[in-house]
2 protein chains.
Amino acid sequence: MGRVKPSKFEIFLNYKLWLSSVTGEGIIEEDRYELLQLIKERGSLKAAADEMKISYRKAWGDLKKAEELLGYELLVRQRGGKDGGQSQLTDKAIKLLAAYHELHVKMDDAVENAYEEFKKFTSIK
Amino acid sequence: MGRVKPSKFEIFLNYKLWLSSVTGEGIIEEDRYELLQLIKERGSLKAAADEMKISYRKAWGDLKKAEELLGYELLVRQRGGKDGGQSQLTDKAIKLLAAYHELHVKMDDAVENAYEEFKKFTSIK
DNA sequence: AGGTGATATGCACCTGTATGCATATCGATA
DNA sequence: TATCGATATGCATACAGGTGCATATCACCT
């Protein structure tokens, strides 16, 4: 979520950006982006969920739904083995993350600009 | 809520913009903007709520909370009278709406641009 | 072969938010 | 001054999404 605080005013300007299916169901938004990012770093869904302090149950369910909506896999999962298992991002997932990030950066800029406009409003009062 | 559909791809790009208090509590977002807009046109909170198909109870509660967070009134209410009563927007409310709208227009542009970036992603596939 | 720890998934519960319902207040007009 | 319809507000219920818990599966390592 983006956030800007116009000075001298107790109003904050926020925005949320997300990718969705035709039906409007969310695929990737702020939290899922972070979750995927953490999985990429930790190589584990559980570790990522723990870090984000959300239940593994939810993290898993969210990703499953996202994959279902996208029609392709976001994770390469491995069960069993030395450490019990692990998960990595697929190439598509990595590209999707990059695209989302790109979008977010652009939106941040836009909000920053819009903020100027808002300051005018606050000065009119 | 803004929405753009990158062609040839079943993914939609959405965003939501809202003003909030320091604590993050929402003051004005899409729905409340529309509600206020309708009140402006109809001169009635009830009529606006009906039109939006939300309960009067909720509409009323939402506005009350918004006013509370802003620290000033959004509506000039009148109870009783010929038609039972009516509501109009205060000057501040009108300015706030205009400011919000301005922000939204800017964001729409930004999304439109970001959309180009996203198309690149979809072509990589 | 058994232990271990992450992935996989159903289900019951919990909690915050919306909806509905009930009721009070108010004031111009008939 | 009685009526009517919108504003005002409490409260109980309905509902959705998240959390926790339980349980199964899997495969490397000792």
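Letters go in sequence order (proteins before strands), and every chain restarts at 1.
The side chain of B:Ser44 places an N or O atom within less than 4.0 Å of a non-bridging phosphate oxygen (OP1 or OP2) of D:dT7. Proximity of B:Arg79 to the phosphate of D:dA8: no side-chain N or O atom is located under 4.0 Å from OP1 or OP2. Between A:Trp60 and C:dT7, a side-chain N or O to OP1/OP2 separation shorter than 4.0 Å is absent. Taking only side-chain nitrogens and oxygens, A:Ser87 never comes nearer than 4.0 Å to OP1 or OP2 of C:dA6.
By the 6.0 Å and 45° rule, B:Lys92 stacks over the aromatic ring of B:Tyr72.
Map A:Gly80 and A:Lys58 each onto its nearest nucleotide of DNA chain D; the residue landing nearer the 5' end is A:Lys58. Each of A:Ile54 and B:Asp83 lies near DNA chain D, and the nucleotide nearest B:Asp83 is the one positioned closer to the 5' end.
Taking the six-membered ring for Trp and the full ring otherwise, the centers of B:Tyr15 and A:His104 sit at least 6.0 Å from each other.
Residue B:Arg42 is tested with B:Gln37, B:Glu51, B:Gln86 for a side chain to side chain donor-acceptor pair (under 3.5 Å); the sole match is B:Glu51.
If you take CZ of A:Arg77 and C1' of D:dC28, they are 20 Å apart, rounded to a whole angstrom. At whole-Å resolution of the value, CD in A:Gln78 and P in C:dA8 are 11 Å apart. Here C:dT19 presents its C1' atom at 12 Å from CG of B:Asp62, a figure rounded to the nearest Å. Rounded to whole Å, the distance from CD1 on B:Ile39 to P on D:dA6 is 14 Å. As a whole-Å value, the separation of A:Glu51 CD from C:dA6 P is 14 Å.
Note on B:Met107 and A:Val105: separate hydrophobic clusters, where clusters join Ile, Leu, Val, Met, Phe, Trp and Tyr whose side-chain heavy atoms are under 4.5 Å apart, directly or indirectly.
Note on B:Gly84: a base of the nucleic acid sits closer than 4.0 angstrom, heavy atoms only. Residue B:Gly85 is in sugar-phosphate contact alone, with no base atom involved, counting any heavy-atom pair closer than 4.0 Å across all strands shown.
Looking at A:Arg57, its side chain comes within 3.5 Å of the base of C:dG10 through a donor and an acceptor atom.
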